[in-house]
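Take a look at the structure set out below.
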Amino acid sequence: MNMGTRFVFVMAFCFLLSRLSSSQSDDISCSQAIPLLFPCRLYLIGSADISSDCCVAVNTVNQLANTTEIRRNLCACFKSVANIIGVVPEKSRQLPQLCNISLSFPIDPSLDCNS
């Protein structure tokens with residue numbers, strides 16, 4: 001499955017998830033976060049350098065993920081998507097530093113989302 005097909009599959013999957021779950025209007029869901037982070041996809045799979053658009057996207061998602069429940073839900077979402085599109089773990093771990101974003105947790109595919 002090529003990268004474009006994988007991304008379309010992930011987007012459709014996230015859209016279906018969002019239709020099945022209810023959320024408050026100020027929450028950010030998986031289906032909202034994934035398209036926002038689209039500018040990061042080539043960096044995360046190791047095909048390009050990080051872009052300013054990616055950093056803006058990461059910062060936006062970070063600001064919208066303002067509760068523990070939302071962060072846990074997005075963590076699980078991102079772990080699933082990372083496996084599907086082939087994210088390079090070291091690239092995801094570098095995002096906060098490269099984008100000058102302070103997080104209280106690492107961005108790591110092996111992270112326990114419930115901790």
Side-chain angles (χ1 to χ4, degrees):
M1 189 182 311
N2 69 33
M3 184 62 182
T5 304
R6 287 183 195 174
F7 183 75
V8 170
F9 173 76
V10 169
M11 293 299 298
F13 177 72
C14 291
F15 176 76
L16 290 173
L17 284 178
S18 73
R19 298 292 108 203
L20 295 173
S21 65
S22 61
S23 63
Q24 297 175 347
S25 60
D26 59 344
D27 290 353
I28 184 167
S29 66
C30 178
S31 64
Q32 294 165 322
I34 297 302
L36 284 174
L37 294 171
F38 190 78
C40 300
R41 76 196 180 290
L42 293 177
Y43 166 76
L44 288 170
I45 63 169
S47 295
D49 291 334
I50 196 158
S51 68
S52 60
D53 288 341
C54 173
C55 289
V56 168
V58 170
N59 190 46
T60 299
V61 171
N62 183 46
Q63 289 177 358
L64 292 172
N66 54 14
T67 69
T68 300
E69 181 181 358
I70 294 170
R71 287 189 294 274
R72 285 181 177 159
N73 290 339
L74 289 179
C75 175
C77 166
F78 295 156
K79 285 177 77 166
S80 296
V81 172
N83 288 331
I84 293 169
I85 66 171
V87 168
V88 177
E90 185 59 32
K91 295 289 188 179
S92 64
R93 285 190 283 273
Q94 293 172 348
L95 269 177
Q97 180 183 4
L98 293 174
C99 292
N100 295 315
I101 297 170
S102 178
L103 298 176
S104 60
F105 54 88
I107 299 179
D108 190 324
S110 64
L111 180 69
D112 177 2
C113 296
N114 293 315
S115 63

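Computed from heavy atoms alone, side chains included, the values below leave out hydrogens, waters and symmetry copies. These numbers were taken from a predicted model, which means no experiment stands behind them. Throughout, residue positions are numbered sequentially from 1 according to the sequence presented.
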In Å and rounded to the nearest 0.5 Å, what is the CG to OG distance from Leu64 to Ser29?
10.5 Å

Could you list the residues that satisfy side chain to side chain donor-acceptor pair (under 3.5 Å) with Thr68, not counting sequence neighbours?
Arg71

List the residues meeting side chain to side chain donor-acceptor pair (under 3.5 Å) with Gln97, not counting sequence neighbours, and say none if there are none.
none

Quick one: side chain to side chain contact (heavy atoms under 4.5 Å, CB included) partners of [X], sequence neighbours excluded?
| X | result |
| --- | --- |
| Ala82 | Val87 |
| Cys55 | Ile50, Cys99 |
| Asp49 | none |

Taking Phe38 as the starting point, is it possible to reach Val88 by hopping between hydrophobic residues whose side chains are less than 4.5 Å apart?
no

If two hydrophobic side chains count as joined below 4.5 Å and joins carry through other members, does Val56 share a cluster with Ile34?
no

Ignoring hydrogens and angles, tell me if any N or O in the side chain of Gln63 forms a donor-acceptor pair with the backbone of Thr60 under 3.5 Å.
no

Would you find a donor on one side and an acceptor on the other, under 3.5 Å apart, between the side chain of Tyr43 and the backbone of Lys91?
yes

How close do [X] and [Y] get, heavy atom to heavy atom, and via which atoms?
| X | Y | answer |
| --- | --- | --- |
| Pro109 | Lys79 | O-CE, 2.9 Å |
| Leu74 | Ala65 | CD1-CB, 3.7 Å |
| Leu111 | Cys75 | CD2-SG, 4.2 Å |
| Cys54 | Leu95 | SG-CD2, 3.8 Å |
| Pro39 | Pro35 | CD-O, 4.2 Å |

Indicate yes or no: at least one non-hydrogen side-chain atom of [X] is less than 4.5 angstrom from one of [Y].
| X | Y | answer |
| --- | --- | --- |
| Phe78 | Val61 | yes |
| Cys30 | Asn73 | no |
| Ile28 | Leu36 | yes |

Going by salt bridge (charged side-chain N to carboxylate O under 4.0 Å, His left out), name the pairs with one or both residues in [range], residues two or more places apart or in two chains.
| range | result |
| --- | --- |
| residues 55-69 | none |
| residues 50-65 | none |
| residues 97-114 | Arg93-Asp108 |

